[in-house]
Protein chains: 2
Amino acid sequence: MKNISKAISHADEYCKSRGERLTTKRKLILSELIKSDKALSAYELIDAYQEQNKSNIPAMSVYRILDFLEDVQLVHKLNLANKYVACAHICCNHEHEIPQFLICRECNHVKEISIGSTTIDEINQSVAEAGYILASPQLEMNCICNKCLSKKAA
Amino acid sequence: MKNISKAISHADEYCKSRGERLTTKRKLILSELIKSDKALSAYELIDAYQEQNKSNIPAMSVYRILDFLEDVQLVHKLNLANKYVACAHICCNHEHEIPQFLICRECNHVKEISIGSTTIDEINQSVAEAGYILASPQLEMNCICNKCLSKKAA
DNA sequence: AGACAAATGATACAACATATCATTCTAATG
DNA sequence: CATTAGAATGATATGTTGTATCATTTGTCT
């Protein structure tokens with residue numbers, strides 16, 4: 001996720017194709033999320049925005065913008081951490097699969113993976129046996145990344 | 001989870017065997033959680049406590065008691081919902097496996113299941129390939145229970 | 001330009017959680 | 001049985017996350 005302006009213009013096209021508008025504010029918020037390269041809380045995002053743009057933005061606006069970005073799947077909300085992360089596939093054209101998130105509890109870095117469909121099937125079966133169905137197969141896992149692990153060992 | 005007093009006395013023994021004290025307040029909070037038979041937020045628990053005991057309890061105390069009950073694994077915190085649930089195995093003597101939670105997003109009823117170890121192994125492998133390790137293999141899944149599903153269909 | 005809808009701002013407040021210091025209770029000891 | 005040290009709880013304030021509501025601005029279409 002190096003080239004931010006490319007990612008933003010790609011996201012812009014994507015929104016247009018859906019008849020949605022990626023406004024200036026929305027672009028600025030999305031940029032901060034991409035730049036940070038980790039999961040941020042709404043209020044961390046407000047701070048980053050103010051730092052970058054030397055102007056305030058109300059919490060309400062940030063939440064509304066995050067809602068929008070979630071709706072169009074440019075951003076995912078991580079309920080386990082109450083944080084938000086840019087979709088790892090902003091630059092891909094393909095419809096992406098159901099994401100699974102690995103969240104480092106130390107540095108908040110997030111990896112978006114897709115676990116095998118057979119594994120998902122097994123989970124679905126266990127859930128069905130218990131008398132439930134998955135409302136959202138988005139799994140969020142409380143992890144530690146290798147970097148933080150080696151730091152802790154040191 | 002019918003017989004609450006039996007569950008409480010079992011929990012009491014369990015705490016004693018670990019050199020911990022299941023005090024009166026802790027018993028009352030645990031009782032409310034067991035009785036409710038679903039996931040409650042800390043503040044819902046405060047309300048239930050006041051309703052039942054005709055006396056107030058500070059939020060701070062409830063959080064401390066929940067922390068204690070979590071430490072001794074009589075209660076689990078569901079981070080996905082910011083709610084707390086009594087361990088399904090209070091009356092079992094066996095050490096329980098890593099729990100997986102199915103949380104009904106409609107009624108907050110929670111089912112604690114154990115998914116197969118092969119499935120867990122597959123997940124662990126995917127996580128390892130991504131350069132992470134699971135900090136807590138407790139999975140929380142956003143579900144709908146069959147009861148609520150049939151209600152919605154009607 | 002005028003009008004309508006979409007987006008944003010401002011303000012207040014609700015829900016969830018913790019920090020800190022004071023007080024009370026409990027268990028162990030002399 | 002009184003003392004005392006530590007554990008548990010209470011009281012108060014505050015931090016963090018998120019929403020409700022109404023006003024204002026911006027963008028689009030004719």
Side-chain angles (χ1 to χ4, degrees), chain A residues 11-12 15-16 18-33 38-50 53-72 74-85 103 105 108 140, chain B residues 11-12 15-33 36 38-50 53-72 74-85 103 105 108 140:
Chain A
D12 202 8
C15 284
K16 271 184 194 136
R18 297 182 39 136
E20 304 279 3
R21 288 153 52 191
L22 193 63
T23 64
T24 306
K25 291 276 162 69
R26 287 168 178 172
K27 280 179 188 164
L28 290 172
I29 290 295
L30 182 56
S31 296
E32 291 306 320
L33 259 188
K38 61 178 186 176
L40 295 179
S41 76
Y43 283 80
E44 286 168 342
L45 211 35
I46 288 173
D47 292 344
Y49 179 97
Q50 291 181 346
N53 302 286
K54 308 303 177 198
S55 82
N56 286 2
I57 186 163
M60 191 68 249
S61 293
V62 170
Y63 277 106
R64 273 189 295 228
I65 288 169
L66 287 170
D67 279 350
F68 168 83
L69 294 172
E70 251 194 289
D71 277 351
V72 298
L74 289 170
V75 159
H76 301 290
K77 170 163 191 183
L78 304 175
N79 293 297
L80 212 55
N82 293 322
K83 290 183 193 303
Y84 303 83
V85 69
I103 309 165
R105 57 154 63 167
N108 279 320
E140 303 174 26
Chain B
D12 201 9
C15 285
K16 270 184 194 139
S17 77
R18 296 181 39 134
E20 303 280 1
R21 287 152 53 191
L22 192 64
T23 63
T24 305
K25 290 276 160 69
R26 287 169 177 171
K27 280 179 189 165
L28 290 172
I29 290 295
L30 182 56
S31 296
E32 291 306 320
L33 259 188
S36 84
K38 61 178 186 177
L40 295 179
S41 76
Y43 283 81
E44 286 168 341
L45 211 36
I46 289 173
D47 292 344
Y49 180 97
Q50 292 181 347
N53 301 286
K54 308 302 176 199
S55 81
N56 286 2
I57 186 162
M60 191 69 248
S61 293
V62 170
Y63 278 106
R64 272 189 297 229
I65 288 169
L66 287 171
D67 279 350
F68 168 83
L69 293 172
E70 251 194 290
D71 277 351
V72 298
L74 289 171
V75 158
H76 302 290
K77 171 164 191 182
L78 303 175
N79 293 295
L80 213 54
N82 293 323
K83 289 183 193 303
Y84 304 82
V85 69
I103 309 165
R105 56 154 63 167
N108 280 321
E140 302 175 25

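What you see is a predicted model; the values in this text were computed from it and never measured. Letters A, B, ... are given to chains in the order of the sequence lines, protein chains preceding strands, and every chain is numbered from 1. For the numbers below, each heavy atom of this structure counts, side chains included, while hydrogens, waters and symmetry mates do not.
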May I have the distance from [X] (atom [atom1]) to [N] (atom [atom2]), rounded to whole angstrom?
{"X": "I29(A)", "N": "dA7(C)", "atom1": "CD1", "atom2": "P", "value": "15 Å"}
{"X": "Y63(A)", "N": "dT8(C)", "atom1": "OH", "atom2": "P", "value": "17 Å"}
{"X": "K27(B)", "N": "dA8(D)", "atom1": "NZ", "atom2": "C1'", "value": "15 Å"}
{"X": "N79(B)", "N": "dA17(C)", "atom1": "CG", "atom2": "C1'", "value": "13 Å"}
{"X": "D67(A)", "N": "dT17(D)", "atom1": "CG", "atom2": "P", "value": "16 Å"}
{"X": "I46(A)", "N": "dT19(D)", "atom1": "CD1", "atom2": "P", "value": "13 Å"}
{"X": "M60(A)", "N": "dA23(D)", "atom1": "CE", "atom2": "P", "value": "16 Å"}
{"X": "R64(A)", "N": "dT17(D)", "atom1": "CZ", "atom2": "P", "value": "19 Å"}

If you look at every strand shown and take non-hydrogen atoms under 4.0 Å, does R26(B) touch a base, only sugar-phosphate, or nothing?
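Answer is sugar-phosphate: R26(B) comes under 4.0 Å of backbone atoms only.
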Closest-nucleotide ordering on DNA chain D, the 5'-leading residue of I57(B) and S41(A):
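Whichever sits nearer the 5' end wins; that is I57(B).
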Find which nucleotide of DNA chain D each of S61(B) and R21(B) is nearest to by heavy atoms, and output the residue with the more 5' nucleotide.
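It is R21(B) whose nearest nucleotide is closer to the 5' end.
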From dC16(C), dG18(D), dT9(D), pick the nucleotide closest to the side chain of T23(B)?
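Ranking dC16(C), dG18(D), dT9(D) by closest atom to the T23(B) side chain puts dT9(D) first.
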Determine: side-chain N/O of [X] to OP1/OP2 of [N], distance under 4.0 Å, yes or no.
{"X": "Y84(A)", "N": "dG18(D)", "answer": "yes"}
{"X": "K25(B)", "N": "dG10(D)", "answer": "yes"}
{"X": "N82(B)", "N": "dA15(C)", "answer": "no"}

Using only heavy-atom distances, decide whether a donor-acceptor pair under 3.5 angstrom links the side-chain of Y43(A) to the base of dG15(D).
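Between dG15(D) and Y43(A), which were checked side chain against base, a qualifying N/O pair under 3.5 Å is absent.
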Rounded to the nearest 0.5 Å, what's the gap from CG on L22(A) to NZ on K27(A)? Could you check?
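The CG atom of L22(A) sits 5.5 Å away from the NZ atom of K27(A).
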Looking at CD1 of I29(A) and CZ of R64(A), how far apart are the two atoms once the value is rounded to the nearest 0.5 Å?
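Output value for this atom pair is 12.0 Å.
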Dump the intermediate steps for side-chain contact (heavy atoms from CB on, under 4.5 Å) on Y49(B) and L45(B), then the final yes or no.
CA-CA 6 Å; Y49(B) 180 97; L45(B) 211 36; over 6 Å; no
Does the side-chain contact (heavy atoms from CB on, under 4.5 Å) test come out yes or no for C15(A) and L74(A), once each step is laid out?
CA-CA 9 Å; C15(A) 284; L74(A) 289 170; 3.9 Å; yes
Residue whose nearest DNA chain C nucleotide is more 5′ - I65(A) or K83(B)
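Checking each residue's closest nucleotide, the 5'-ward one belongs to I65(A).
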Evaluate side-chain contact (heavy atoms from CB on, under 4.5 Å) for L33(A) paired with L66(A), printing each intermediate quantity in order.
CA-CA 10 Å; L33(A) 259 188; L66(A) 287 170; 4.3 Å; yes
